Amino acid sequence: MQGIFISMEGPDGSGKSTQIELLKKYLEDKGYDEIIITREPGGTVISEAIRGIILNKDYTEMGYMTEALLYASARAQLVSQVIKPALEEGKAVISDRFVDSSAVYQGMARALGVENVYKINEFAIQGIMPNLTIHLDLPAKVGIGRKKEQAELDRMELEALDFHEKVAEGYRSLAKLSPERIRTIDATMSIEDIHNQIVAYVEQILNK
Ligand code: TMP
């Protein structure tokens, strides 16, 4: 079976985890017997430890470049330890966020520049990019409102609404730059409708 890499992107609270679970079931039915689900930052012991540093709400002094480099190092470990070997073995990998998150959050919302962010990530991703990226589009206010109901907010979620609005808008412009790979779905729709749209996009790449 051919390895396939799908990333799920969107503002905080856009419903990525729910959709990843549904997509996993769908791919299992399609015959992918081992589907690797992972998340960023995280997915390995080291990357999860880096996640703990990045999202610690006490680290208010963290510089934007430090933040961008920490995301890239968590990613470097995940790519070499999990994603690359899985794809080489023909498995399906679904990642809750990948390098596009850095492009949007650090490159656009933190204004470090998308080109700069891709440049520091070039080293981390070893040429691996998703075959398909699902962008769950949602007004920032709705996403953060959902997060507030679920759990204590982390360092990124605690950013002002203006930051989250830049993230939501950033995803829309990034998606326009790579319309073939990044597919935007209105995440205010029902869970089932969103899933059906995701399946339609996945079918397109499986049938290629
Ligand atoms: P999560 O809450 O979706 O697990 O993501 C953790 C937070 O980290 C979320 O606010 C998005 C942010 N993030 C970045 O700013 N840059 C990145 O490269 C990644 C992967 C996540």
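Just follow the structure's listing: the first ligand is 1, and inside any ligand the first atom is 1. Heads up: numbering here begins at 1 and tracks the sequence. Just so it is clear, the structure is predicted and the values come from calculations on it, not from any experiment.
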Looking at non-hydrogen atoms alone, which of Y105, Y71, Y64 comes nearest to atom 17 (C) of ligand 1?
Y71
I'd like to check whether K147 has a polar contact with ligand 1, where a contact means an N/O of the residue lying under 3.5 Å from an N/O of the ligand.
no
Suppose we measure from atom 18 (O) of ligand 1 to each protein heavy atom; which comes out shortest, and what is that distance?
S102 OG, 2.5 Å
Geometry only, no angles: is K16 polar-contacting ligand 1 at N/O separations under 3.5 Å?
yes
Is it true that N56 and R155 share a donor-acceptor pair across their side chains at a distance under 3.5 Å?
no
Using non-hydrogen atoms of the residue, decide whether Q106 is closer than 4.0 angstrom to ligand 1.
yes
Side chain or backbone of E67 under 4.0 Å from ligand 1, or both, or neither, by non-hydrogen atoms?
neither
Can you confirm whether the side chains of R97 and Y105 place a donor and an acceptor under 3.5 Å from each other?
yes
Y71-Q106 side chain donor-acceptor pair, cut-off 3.5 Å:
no
Tell me the nearest of L70, D12, V117 to atom 2 (O) of ligand 1, using heavy-atom distances.
D12
Heavy-atom contacts under 4.0 Å between R39 and ligand 1: side chain, backbone, both, or neither?
neither
Separation of L27 CG from D29 CG (nearest 0.5 Å):
9.0 Å
Work out which heavy atom in T44 is nearest to a heavy atom in L78; give both atom names and the distance.
CG2-CA, 3.8 Å
How does E40 reach ligand 1, if at all, at less than 4.0 Å between non-hydrogen atoms: by side chain, backbone, both, or neither?
both
Side chains of E40 and S101, donor plus acceptor under 3.5 Å
no
Any R51 heavy atom less than 4.0 Å to ligand 1
yes
If you measure from each heavy atom of R110 to ligand 1, is any distance below 4.0 Å?
no
Identity and separation of the nearest protein heavy atom to atom 1 (P) of ligand 1
R97 NE, 3.7 Å
Would you say the side-chain atoms of R75 and S102 include a donor-acceptor pair closer than 3.5 Å?
yes
Kindly assign one of parallel, tilted or perpendicular to the pair Y26 and H195, based on the angle between their ring planes and the thresholds 30° and 60°.
perpendicular
